[in-house]
Undergrad: 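Take a look at this one; I'll ask things after.
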Amino acid sequence: MKRIAVLPEGSVSHEAIEFLFEGEPLDLKHFKLISDVFRAVDSGSVQYSVIPIENTIEGSVSLHMDWLVNEVDIPMQAEWVYPSIQNIIGHGSEFLRQDGTYDFSKITKIMSHPVAIPQCQNFIRQHSPDANLEGVNSTAEAVEIVKKNPGNGWVAIGTKLAARKHGLDIMAERVTDHDNNYTRFVLIGHEPVSIPRKAAHVKTSLLVTLPEDAPGALHQVLSAFAWRKLNLTRLESRPTKKRLGSYYFYIDVVETVDSVLLTAAMAEIEALNCQVRVLGSYPCFTYPSRS
Ligand SMILES: O=C(O)C(=O)Cc1ccccc1
């Protein structure tokens with residue numbers, strides 16, 4: 001049975017890993033902090049860890065991408081996309097009107113994961129513009145804190161799974177600004193993983209560092225992919241944190257790392273005095289589109 005580290009029960013990450021393995025029995029080890037989820041693989045206590053890395057509305061989860069580069073050296077072994085369906089969860093009785101509807105203006109605090117809150121700006125602005133917003137370690141933790149603190153007007157943004165687990169009311173469903181709100185997850189670990197699904201394609205994630213003060217270097221790097229017709233699905237700069245204005249480039253290529261074309265492209269880029277680090281080469285799984 002696969003032993004996998006993931007954020008707490010009822011988190012979006014928890015739902016996402018269950019979806020990926022389609023109900024295959026898993027030995028899930030839940031952690032409150034994403035840093036512990038990252039570290040669990042290297043401690044040997046699990047084979048894999050579930051990491052959210054990008055969201056439709058918010059873009060890259062920069063903190064997690066930076067962790068993958070700076071704090072651990074654990075390859076990506078799979079990527080998949082899962083819908084982030086967020087709900088307003090709380091002690092409904094605190095907000096009930098006579099007619100049985102909820103008075104969301106009575107909400108004093110909205111808690112959730114820092115990536116989840118910005119996904120629900122329209123609801124917050126329209127219904128609870130004066131509520132305090134508080135980021136916590138996961139959507140599931142937010143639901144647990146609200147459960148333990150009745151009578152304050154607090155609500156959480158989280159999953160129905162978390163609401164059921166903690167016996168709270170789902171006061172408003174699907175409150176994300178856009179209905180097609182998805183999160184990209186990666187499974188990190190030191191060994192390839194077998195997944196009971198048909199992969200949509202393969203991908204190789206690279207971290208490219210340009211030589212200092214080399215005008216046109218980025219253009220040359222991109223040319224190494226372009227003229228080989230290698231399809232790039234991501235090009236993102238992130239600070240190296242060494243000095244202001246110093247960046248890494250995350251590049252995702254729809255190709256296996258050992259292919260002739262990608263091997264040649266990486267050799268060409270290294271010949272330009274760039275550093276190329278492979279963050280992983282792995283199968284990618286999509287979420288079945290609602291027909
Ligand atoms: O906090 C959670 O439930 C997570 O799994 C992190 C997260 C938060 C928001 C969208 C996707 C993943």
Side-chain angles (χ1 to χ4, degrees), residues 4-21 26 28-41 46 48-68 71-72 76 78-90 109-124 133-148 154-166 168 170 172-188 234 284-287:
I4 301 176
V6 65
L7 285 172
E9 279 190 67
S11 62
V12 179
S13 297
H14 179 198
E15 286 190 342
I17 192 67
E18 298 278 10
F19 158 78
L20 179 68
F21 283 99
L26 301 171
L28 296 180
K29 196 166 164 62
H30 294 284
F31 291 90
K32 176 179 175 182
L33 305 176
I34 194 69
S35 52
D36 291 335
V37 173
F38 269 103
R39 293 195 185 101
V41 171
V46 298
Y48 304 101
S49 291
V50 179
I51 308 295
I53 60 168
E54 186 181 5
N55 173 261
T56 309
I57 296 172
E58 270 304 280
S60 279
V61 187
S62 306
L63 174 71
H64 299 176
M65 288 306 296
D66 288 349
W67 259 78
L68 272 173
E71 304 300 328
V72 296
M76 300 171 181
E79 175 201 280
W80 72 108
V81 172
Y82 184 75
S84 296
I85 299 171
Q86 305 292 5
N87 310 275
I88 299 295
I89 297 165
K109 184 190 286 187
I110 300 174
M111 308 174 84
S112 194
H113 185 282
V115 168
I117 294 172
Q119 296 171 27
C120 309
Q121 284 308 299
N122 294 344
F123 177 92
I124 294 168
L133 305 177
E134 183 173 327
V136 292
N137 294 300
S138 67
T139 61
E141 184 184 57
V143 175
E144 184 178 11
I145 293 169
V146 168
K147 172 69 176 179
K148 291 176 177 174
W154 296 359
V155 299
I157 290 172
T159 67
K160 289 186 173 180
L161 183 60
R164 283 194 292 271
K165 172 178 166 55
H166 293 288
L168 286 176
I170 298 167
E173 295 189 27
R174 308 179 81 92
V175 295
T176 45
D177 293 355
H178 308 286
D179 219 12
N180 62 339
N181 179 44
Y182 290 88
T183 295
R184 193 188 308 280
F185 290 88
V186 288
L187 206 58
I188 61 172
R234 179 197 208 128
C284 301
F285 304 89
T286 55
Y287 189 78

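Bear in mind that the values here come from a model prediction, so they are computed numbers and not experimental data. What's counted below: heavy atoms across the whole structure, side chains too, no hydrogens, waters or symmetry copies. We count ligands from 1, going down the list as the structure has it; atoms in each ligand are counted the same way.
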Undergrad: Is the shortest side-chain heavy-atom distance between Ile157 and Ile88 below 4.5 Å?
TA: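 In short, these two side chains touch, coming nearer than 4.5 Å.
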Undergrad: Is there a nitrogen or oxygen of Thr139 sitting under 3.5 Å from a nitrogen or oxygen of ligand 1?
TA: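 Between Thr139 and ligand 1, an N or O pair is found under 3.5 Å apart.
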Undergrad: List every atom of ligand 1 that sits less than 4.0 Å from any heavy atom of Ser84, numbering the atoms from 1 in the order shown and giving each element.
TA: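 The atoms of ligand 1 under 4.0 Å from a heavy atom of Ser84 are 10 (C), 11 (C).
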Undergrad: Ser11 heavy atoms, cut-off 4.0 Å: which ligand 1 atoms fall inside?
TA: 2 (C), 3 (O), 5 (O)
Undergrad: Can you list the residues that meet the ring pair (Phe, Tyr, Trp, His ring centres under 6.0 Å) rule with Phe38, with sequence neighbours excluded?
TA: Trp67
Undergrad: Under 4.0 Å, heavy atoms only, figure out whether ligand 1 is touched by the backbone of Thr183, its side chain, both or neither.
TA: side chain
Undergrad: What do you reckon, does Leu7 put a non-hydrogen atom under 4.0 Å from ligand 1?
TA: yes
Undergrad: Between Ser13 and ligand 1, is there a nitrogen or oxygen pair with a distance under 3.5 Å?
TA: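 N/O-N/O distance below 3.5 Å exists for this pair.
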Undergrad: For ligand 1, which atoms sit closer than 4.0 Å to a heavy atom of Ser138?
TA: 1 (O)
Undergrad: Using side chain to side chain contact (heavy atoms under 4.5 Å, CB included) as the criterion, point out the one residue from Ile51, Val50, Val6, Asn137 that pairs with Ile34.
TA: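 When side chain to side chain contact (heavy atoms under 4.5 Å, CB included) is applied between Ile34 and each of Ile51, Val50, Val6, Asn137, only Ile51 qualifies.
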Undergrad: When you measure from the side chain of Ser112 to the backbone N and O of Ile117, does any donor-acceptor pair fall under 3.5 Å?
TA: no
Undergrad: Check whether any N or O atom of Ala140, backbone or side chain, sits under 3.5 Å from an N or O atom of ligand 1, and answer yes or no.
TA: no
Undergrad: At what distance is the nearest protein heavy atom to atom 9 (C) of ligand 1, and which residue and atom is it?
TA: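 Looking at atom 9 (C) of ligand 1, the protein heavy atom closest to it is Gln86 NE2, 3.8 Å.
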Undergrad: Report the residues that fulfil ring pair (Phe, Tyr, Trp, His ring centres under 6.0 Å) with Tyr48, sequence neighbours left out, ordered by chain and then residue number.
TA: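 Tyr48 satisfies ring pair (Phe, Tyr, Trp, His ring centres under 6.0 Å) with no other residue.
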Undergrad: Please verify whether a non-hydrogen atom of Gln119 lies at under 4.0 Å from ligand 1.
TA: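 Yes; Gln119 lies near enough to ligand 1 that a heavy-atom distance drops under 4.0 Å.
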Undergrad: From Arg184 CZ over to His64 NE2, what is the distance, rounded to the nearest 0.5 angstrom?
TA: 15.5 Å
Undergrad: Only one of Tyr287, Phe185, Phe285 forms a ring-ring contact (aromatic ring centres under 6.0 Å, His included) with Trp80, so which one is it?
TA: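 One option only clears the test, and that one is Phe185.
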